[in-house]
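As structure tokens, the structure follows; a few thoughts come after it.
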Protein chains: 2
Amino acid sequence: MTSVLVCDDSPLAREALRRAVATVPGVERVTTAANGEEVLRRWGADRSDLVLMDVRMPGLGGVETVRRLLSADPGARIIMLTVAEDLDGVALAVAAGARGYLHKDASRAELRATVTQALADPTWRLAPRRLRSADMGAAPTLTAREIQVLEGMSHGRSNAEIGRELFLSEDTVKTHARRLFKKLGASDRAHAVALGFRWGLVR
Amino acid sequence: MTSVLVCDDSPLAREALRRAVATVPGVERVTTAANGEEVLRRWGADRSDLVLMDVRMPGLGGVETVRRLLSADPGARIIMLTVAEDLDGVALAVAAGARGYLHKDASRAELRATVTQALADPTWRLAPRRLRSADMGAAPTLTAREIQVLEGMSHGRSNAEIGRELFLSEDTVKTHARRLFKKLGASDRAHAVALGFRWGLVR
DNA sequence: ACGACGGTCACCCAAAAGAGTTACGGGCCC
DNA sequence: GGGCCCGTAACTCTTTTGGGTGACCGTCGT
């Protein structure tokens, strides 16, 4: 009987997650909880094979819940859910023993792939090197050039100035800019800079 | 009654800090806060002799919290906590009036020594010249409106979109934008967003 | 009562940005 | 050898931005 426990304080997110997880092949039961306390209570009576849990929750936070759950049951498999702003929390949760994490913007396919993998392989863990705060979650991978251009933007330089600085034509800078916008999902340079900060790509 | 206030958004780090600080000779009480807002709220009712605060926090950033705390109470003694990557943030916080900083991987002995020193000598400051890299004096004060506009920019919205969102004309948004650029010393919106992140004005 | 400041809006104008498209050479991986 | 990605560059065209300026109305403090 393969069962998964989904925990999120938002009823909407919880329900969406429940439905998504229920479509994963092999999953026979999905239970839900609204907070860390409920997860721990439920765990006493009924252990699931996998727990999906939001990092940020009222009351017992996600990290603290991971700690307690693992001290009660060292074999528990936990995947954290997170939003971009929460990189520190994810790092702590993984340090505390969570197996991996999913960005809340992850596609349904991504979620299903991760859950499938975690269920199939009880030893599965996210490769630790991917947990550097800079490329956590669905962190887009920018090339060195793109990061240089993004940094130029974050210092208030125009495309022409960035070009002079990097010995490139302005047109080339604009090409890099367009590509990095696309990768980051940014609508303009201000947005790109903000996302760069949020992803830890620039400082 | 010597008391210390510890502020970190991560419960794990907060608790570890609390325990470490509690072992410092002379410290009789350690209170905790999870974010900048809580520090400010708590400060109204109950002033501690020393504040240890993370630079990076959700909500009010560490730098902005330092500014507000000191404008409420110029005598407040604040030590910033940081990870290695955050040197600019530390420099800004110290420029804003924090007395010094501690690396998060500082040994417990180092932490205790620094806390002891800060408590013993109310005038203690980290040698300021060591932190000049990003120094630019006083932190800019943006109005609520200006911060709203800056936030809009950080989410990739155009001036017209920000206007619709805030029920303002585009021209008014542009006026706010021009003014906040001036205050921040920004050359364009991307630069303004970057400075907003560096000052802890937005996230 | 006066001035400073903040919020609102408008107009003009030049510069910059961004989207779309094409193109070519160099690595790198199957 | 054929993709695929990266870096480079150019072209056109539309939209947006940013600077300058002026103006009116509140509020707050002196």
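Naming convention: chains lettered A, B, ... in sequence-line order (proteins, then strands); numbering from 1 in each chain.
Within the 4.0 Å cut-off from OP1 or OP2 of dT8(C), not a single side-chain nitrogen or oxygen of Thr172(B) is found. When the side-chain nitrogen and oxygen atoms of Ser169(A) are compared with OP1 and OP2 of dA10(D), one or more of them lie within a distance under 4.0 Å. Contact annotation: Lys183(A) side-chain N/O to dC5(D) OP1/OP2 distance is not under 4.0 Å. Between Arg189(B) and dT17(D) there is a side-chain polar atom (N or O) within less than 4.0 angstrom of OP1 or OP2. Between Asn159(A) and dA17(C) there is a side-chain N or O to OP1 or OP2 distance below 4.0 Å.
The side chain of Arg178(B) lies closest to dG20(D) when the candidates are dA10(D), dG20(D), dC9(C). Closest approach to the Lys174(B) side chain among dC9(C), dT17(D), dA10(D) is made by dT17(D) (side chain taken as heavy atoms from C-beta onward). Closest to the Arg179(B) side chain, of the nucleotides dG18(D), dT8(C), dG7(D), is dT8(C). The side chain of Thr175(B) sits closest to dT8(C) out of dT8(C), dG19(D), dG7(D). Among the nucleotides dG7(D), dA16(C), dC9(C), the one closest to any side-chain atom of Ser158(A) is dA16(C). Set against dC6(D), dG6(C), dC9(C), the side chain of Thr143(A) has dC6(D) as its closest nucleotide.
Distance, Asp171(A) CG to dG18(C) P: 14 Å, rounded to whole Å. Taking atom CG on Leu180(B) and atom C1' on dG7(C), their separation rounds to 14 Å, with Å as the unit. The CD atom of Glu170(B) sits 15 Å away from the P atom of dC12(C) (whole-angstrom rounding). Atom pair Arg145(B):CZ and dT8(C):C1' shows a separation of 9 Å (rounding to whole Å applied). Regarding His176(A), its NE2 atom lies at a distance of 16 Å from the P atom of dC5(D), rounded to whole Å. Between Lys182(B) atom NZ and dG18(D) atom C1' there is a gap of 12 Å when expressed in whole angstrom units. Rounded to whole Å, the distance from CZ on Arg157(B) to C1' on dT17(D) is 18 Å. Per the geometry, CG belonging to Leu168(A) stands 10 Å off C1' belonging to dA9(D), to the nearest Å.
Between the side chain of Arg42(A) and the backbone N or O of Thr32(A) there is at least one donor-acceptor pair closer than 3.5 Å. At least one donor-acceptor pair under 3.5 Å links the side chain of Arg14(B) to the backbone N or O of Asp8(B). Within the 3.5 Å criterion, the main-chain N or O of Leu142(A) finds no donor-acceptor partner in the side chain of Glu146(A). Ser48(A) places no side-chain N or O within donor-acceptor distance of the main-chain N or O of Val51(A), the cut-off being under 3.5 Å.
Residues Gly156(B) and Asp188(A) share a closest heavy-atom pair of O-OD2, 3.6 Å.
Each of Ala190(A) and Leu166(B) was assigned the nucleotide of DNA chain C with the nearest heavy atom; the assignment lying further toward the 5' end belongs to Leu166(B).
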